[in-house]
Amino acid sequence: MGIKVEKRHLWLILLALAGIVAVLLLFNLRAKLLAILRPFFIAFLVAYILNPTVNKLQLKMPRIVAIMLVYIFILILILLFISFFLPKIISEMMGIIDILPGYIQELQDTASKMQYAMDGAGIPQSIKEALLSIGDDMEETIKGIVHNMGRSVIGILSVSISLIIVPVIAFYFLKDADYFKNASAQLIPIRARENVLSIARDINRVLNRFIRGQLLVAAIVGLLSSIGLTIVGVDYGIIFGLLLGLFDIIPYFGPIIGSIPALIFALMESRTIFFLALLVIVIVQQLESSIITPKIIGDSVGLHPVYVILFLLIGGSFFGILGMLLAVPTALILRILFSHIVDAITGPTTK
């Protein structure tokens with residue numbers, strides 16, 4: 001007795017096979033696809049950050065004029081940055097790369113002296129290995145930091161041409177924001193549309209305030225750190241201050257990670273500069289946690305520190321620094337999704 005296959009089943013099988021082939025093809029072409037989609041993702045992020053400002057200006061002027069005003073303001077900031085700060089930053093990065101071999105040699109000499117002193121003092125082998133491993137880790141840390149700095153400069157120069165299209169794409173995202181919102185809504189089944197849009201509105205409200213606030217806080221921390229480190233005499237203080245601002249985006253662990261390069265180089269200069277640099281970092285972080293963040297971000301996160309640390313550890317373990325950067329936004333999204341699921345099961349909670 002033969003097996004009868006209905007036409008509907010045949011189409012389902014063919015569709016499944018086509019889906020598998022498409023997934024395999026996309027996987028093999030993922031590098032090219034990421035390169036193509038990267039400018040669109042960056043443009044969407046830029047438009048997402050700028051959209052609230054454009055919306056406020058739109059209350060007093062046409063939207064296209066509001067977008068142009070925002071673009072002109074950003075262009076002025078970029079030109080000021082290029083004129084006053086970029087040459088200094090590049091100079092400091094080149095200086096760090098130049099002195100790196102001497103610092104590494106100094107670390108190696110210090111490790112040799114430590115080993116000789118420990119041999120004479122009769123310190124147990126396990127303790128000696130632990131202490132010497134710290135020096136090796138510091139050496140590898142410095143190498144990695146400077147290597148990434150050099151790679152970042154090359155990367156910025158190599159992709160600068162492709163990033164020219166980012167402002168253009170972001171402009172159209174801003175100009176036709178309603179069109180893209182409506183087009184996205186039409187892709188959602190009618191039965192689930194209202195619930196999905198409600199979830200999207202809640203996510204947008206929380207993420208928008210958090211992302212824009214966190215970037216502003218990081219910029220302030222970077223500026224204050226650069227000024228403070230430069231004043232106390234840390235060489236390349238601007239670079240290390242910018243690193244502190246960049247890593248400040250990561251809660252709890254970010255300031256620790258960002259302070260390591262500055263403190264290592266400060267210690268190489270002198271103990272006095274090391275303690276002054278440490279004092280600057282502590283003061284800036286105290287200002288950030290007690291005054292700057294509460295004023296700018298407030299309680300927009302609303303997550304218990306235990307959950308934040310858990311997501312940071314998970315993100316860092318699987319995806320490194322990028323995972324730590326995305327840990328808190330991911331936690332916020334999951335919290336909102338969980339809240340809506342609970343409301344759908346038990347009914348809306350009274351607030």
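One-based numbering along the sequence shown.
Side chains of P251 and L312 form a contact here, defined as non-hydrogen atoms less than 4.5 Å apart. Using a 4.5 Å heavy-atom threshold, the side chains of D176 and F171 count as separate. N208 has its side chain within reach of P52: a pair of non-hydrogen atoms, C-beta onward, lies under 4.5 Å apart. Looking at L263 and F274, their side chains come closer than 4.5 Å, going by heavy atoms from C-beta outward. For the pair P329 and F210, the minimum side-chain heavy-atom distance is below 4.5 Å. Between I283 and L279, some side-chain heavy-atom pair lies under the 4.5 Å cut-off. Side-chain atoms of R63 and N55, non-hydrogen and from C-beta on, do get closer than 4.5 Å to each other. Under the 4.5 Å side-chain criterion, counting only non-hydrogen atoms from C-beta, Y71 is in contact with P167.
Residues A170 and A47 share a closest heavy-atom pair of O-CB, 3.9 Å. Nearest heavy-atom pair across A277 and L229 is CB-CD2, 3.8 Å. In terms of heavy-atom proximity, P39 sits nearest to I165 at CB-CD1, 3.9 Å. Across all their heavy atoms, G233 and E269 have their closest contact at O-OE1, 3.1 Å. A pairwise comparison of heavy atoms in R201 and E194 identifies NH2-OE2, 3.3 Å as the closest pair. Taking all atoms of both residues into account, the shortest heavy-atom contact from I238 to S226 is O-OG, 3.2 Å.
In this structure, I76 is a member of the same hydrophobic cluster as F81, with clusters built from ILVMFWY side-chain heavy atoms closer than 4.5 Å. Criterion: ILVMFWY side-chain heavy atoms under 4.5 Å apart, direct or through other members. Under it, I231 and L287 are not part of a common hydrophobic cluster. Note on I74: it clusters hydrophobically with I82, by side-chain heavy-atom contacts below 4.5 Å among ILVMFWY residues. Under the 4.5 Å side-chain contact rule for hydrophobic residues, I49 and V206 share a cluster. V196 and V342 are members of different hydrophobic clusters when ILVMFWY side chains are connected at heavy-atom separations under 4.5 Å.
A distance of 9.5 Å separates CD1 of I203 from CG of L332, quoted to the nearest 0.5 Å. The line from CG of L244 to CD1 of I257 is 11.5 Å long, rounded to the nearest 0.5 Å. We find the OG1-CD1 distance between T230 and I227 to be 8.0 Å, quoted to the nearest 0.5 Å. For the atom pair CG of N195 and NE2 of H340, the computed distance is 8.5 Å after rounding to the nearest 0.5 Å. A distance of 11.5 Å separates OG in S259 from CZ in F240, rounded to the nearest 0.5 Å. Atoms CD1 and CG, from I250 and L246 in turn, are 7.5 Å apart once rounded to the nearest 0.5 Å.
A donor-acceptor pair under 3.5 Å is formed between the side chain of S289 and the backbone N or O of Q286.
Legend: residues meeting side-chain contact (heavy atoms from CB on, under 4.5 Å) with I256, ordered by chain and number and at least two apart, are absent. When the side-chain contact (heavy atoms from CB on, under 4.5 Å) test is applied to A218, the partners found at least two apart in sequence or on another chain are I249.
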(request) Check step by step if side chain to side chain contact (heavy atoms under 4.5 Å, CB included) holds for Q285 and V221. (result) CA-CA 8 Å; Q285 289 304 316; V221 169; 4.0 Å; yes

(message) The test is side chain to side chain contact (heavy atoms under 4.5 Å, CB included); show your working for Y48 and L207 and say whether it passes.
(response) CA-CA 10 Å; Y48 182 78; L207 280 189; 3.6 Å; yes

(request) Test side chain to side chain contact (heavy atoms under 4.5 Å, CB included) on Q214 and V328 and set out the steps. (result) CA-CA 11 Å; Q214 199 69 30; V328 176; over 6 Å; no

(request) Show your reasoning for whether side chain to side chain contact (heavy atoms under 4.5 Å, CB included) applies to L69 and M61. (result) CA-CA 10 Å; L69 283 178; M61 62 188 71; 3.4 Å; yes

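In this pair, F173 and F44 present their aromatic rings perpendicular. The plane angle is above 60°, beyond the 30 to 60° band.
For I190, the CD1 atom sits in a loose shell: 12 or fewer heavy atoms of surrounding residues, nucleotides or ligands are nearer than 6.0 Å.
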